[in-house]
Amino acid sequence: MALTAETESRLYRSLRVASGAAAHLVALGFPAAVAVLARPGSSECRRGRGPGRGEGRMSQLTSPCASLPGLFSWHPLLMALAFSFLMTEALLIFSPETSLLRSFSRKVRVRVHWALQLLALLCALLGLAIITYNKHLNGKGHFVTWHGLTGLLAVLYAGGQCAGGVLLLYPKLMKNWTLAKLKLYHATSGLVGYLLGCASLMLGMCSLWFTTTVTGALWYLAMLCPLVTSLVIMNQVSNAYLYRKRSQH
């Protein structure tokens, strides 16, 4: 039996509401789980027996323990807050179905989006500084794993994306560009940056520290978290800009 257009529309909307709600839960739940695992400020450190899952030749068979008690433990929490919670919520603000600020004007949502993105960047920069200093204290190489390289690129990209967002707050700075074009480019480039951040989180879950702490089905469940939010954000941006842009041609 064929579904009517109205029924299909309702079904599609229900799926988007459910997926958006799941993204909100994952965005908050993942950093909370990381906080429990990392125990920020704790001097405890677990040493693994081998390379992390999927690290390949670029992995280092060394422990992330810091010379200063509890220093490393802040890195995974700050990065999870930056790329899983703050950045995801900053993008979900514009979701027509599941935004927590649907009743507010777009101007308010833009300001909150900018504030959350700035907080995400600050957390990411602090997390990057902590892991860099931690490696220095332990005499380890900097950015020699895929996780480290992707994380560095994601943080730098996030900084550039925040700088580009200023152009949307003050579009008169780009007189030769229309506001619609600026929004399109900012949204699509922001999606790339968000996916980079999620990729960094997933590679971090292949590290020695995480794979010796989380094993079995829980590891696969953790890997699903960035995948779920990535798919939801990709669908949101595609429907808001890419598909609409294509339909206009």
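Heavy atoms only: backbone and side chains are in, while hydrogens, waters and symmetry mates are out. We number each residue from 1, following the sequence as shown.
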Exercise. Taking C-beta and beyond as the side chain, do Leu37 and Phe210 meet within less than 4.5 Å on heavy atoms?
Worked result: yes

Exercise. Would a hydrophobic clustering, with Ile, Leu, Val, Met, Phe, Trp and Tyr connected at side-chain separations under 4.5 Å, put Leu25 with Val36?
Worked result: no

Exercise. Should Val110 and Leu169 count as side-chain neighbours, where that means a heavy-atom distance under 4.5 Å?
Worked result: yes

Exercise. What is the distance from atom CG of Leu179 to atom CG of Leu184, rounded to the nearest 0.5 Å?
Worked result: 11.5 Å

For this session: Locate the shortest heavy-atom distance separating His113 from Ala90; write the atom from each residue and the value.
Result: ND1-O, 2.7 Å

For this session: Identify whether Val17 and Val237 are in the same connected component of the hydrophobic contact network (ILVMFWY, side-chain heavy atoms under 4.5 Å).
Result: no

Problem set entry | Closest non-hydrogen atom pair between Trp74 and Gly41, with its separation | NE1-N, 3.4 Å

Exercise. Are the side chain of Ser200 and the backbone of Leu196 linked by a donor-acceptor contact shorter than 3.5 Å?
Worked result: no

For this session: Check step by step if side-chain contact (heavy atoms from CB on, under 4.5 Å) holds for Arg39 and Ser73.
Result: CA-CA 6 Å; Arg39 299 178 182 179; Ser73 61; 5.7 Å; no

Exercise. Going from CD1 on Ile93 to CD on Gln236, what distance comes out if it is rounded to the nearest 0.5 angstrom?
Worked result: 10.0 Å

For residues 118-130, tabulate all N or O donor-acceptor pairs below 3.5 Å that involve a side-chain atom, not counting sequence neighbours.
none

For this session: Quickly, which of Ile233, Leu116, Leu100, Leu101 forms a side chain to side chain contact (heavy atoms under 4.5 Å, CB included) with Leu92? Name it, please.
Result: Ile233

Exercise. What is the minimum heavy-atom distance between Thr215 and Thr211, and which atoms define it?
Worked result: CG2-O, 3.3 Å

Name the atoms and distances for all side-chain donor-acceptor pairs under 3.5 Å in residues 150-158, with sequence neighbours left out.
from, atom 1, to, atom 2, distance (Å)
Thr150, OG1, Trp146, O, 2.7
Tyr157, OH, Ser189, O, 2.9

Exercise. Is a side-chain donor or acceptor of His147 paired with a backbone partner of Met202 at a separation under 3.5 angstrom?
Worked result: no

For this session: Please examine the side chains of Leu195 and Met234, heavy atoms only from C-beta on, and report whether any two atoms are closer than 4.5 Å.
Result: yes

Exercise. Taking the side chain from Ser207 and the backbone from Gly204, do they hold a donor-acceptor pair closer than 3.5 Å?
Worked result: yes

Exercise. Would a 4.5 Å heavy-atom cut-off, applied to side chains only, mark Phe72 and Trp209 as touching?
Worked result: yes

Problem set entry | Side-chain donor/acceptor of Glu89 to backbone N/O of Ala27, under 3.5 Å | no

Exercise. Hey, are the side chains of Thr88 and His24 touching, using non-hydrogen atoms and a 4.5 Å cut-off?
Worked result: no

Exercise. Considering only heavy atoms from C-beta outward, does the side chain of Leu201 approach that of Ser84 to under 4.5 Å?
Worked result: yes

For this session: Measure the acute angle between the ring planes of His142 and His136, then classify it against the limits of 30° and 60° as parallel, tilted or perpendicular.
Result: parallel

For this session: Look at the side-chain heavy atoms of Ile, Leu, Val, Met, Phe, Trp and Tyr, link any pair under 4.5 Å apart, and say whether Leu224 and Met87 land in one connected group.
Result: yes

For this session: List the steps and the verdict of side-chain contact (heavy atoms from CB on, under 4.5 Å) for His75 and Met79.
Result: CA-CA 6 Å; His75 169 71; Met79 289 305 192; 3.6 Å; yes

Problem set entry | Same apolar cluster: Val192 and Leu149, side chain cutoff 4.5 Å | no

For this session: For the residue pair Phe83 and Tyr194, establish whether any side-chain heavy-atom pair is separated by less than 4.5 Å.
Result: no

Exercise. Side chain of Arg102, backbone of Glu97: donor and acceptor closer than 3.5 Å?
Worked result: yes

Exercise. Can you check whether His186 reaches Gln161 side chain to side chain, under 4.5 Å on heavy atoms?
Worked result: yes

For this session: Working to the nearest 0.5 Å, report the span between CG of Leu221 and SG of Cys225.
Result: 5.5 Å

Problem set entry | side-chain contact (heavy atoms from CB on, under 4.5 Å) assessment of Leu168 paired with Lys183 | CA-CA 7 Å; Leu168 286 176; Lys183 287 182 178 180; 3.9 Å; yes

For this session: Mark yes or no for whether Thr229, through its side chain, and Pro226, through its backbone, hold a donor-acceptor pair below 3.5 Å.
Result: yes

For this session: Determine yes or no for a side-chain-to-main-chain donor-acceptor pair under 3.5 angstrom, with Trp219 supplying the side chain and Met205 the backbone.
Result: yes

Problem set entry | Nearest heavy atoms of Leu81 and Pro31, plus distance in Å | CD2-CB, 4.0 Å

Exercise. Given the rule in the side-chain contact (heavy atoms from CB on, under 4.5 Å) test, do Asn235 and Leu231 qualify, once you have shown the distances and angles that lead to the verdict?
Worked result: CA-CA 6 Å; Asn235 180 265; Leu231 290 173; over 6 Å; no

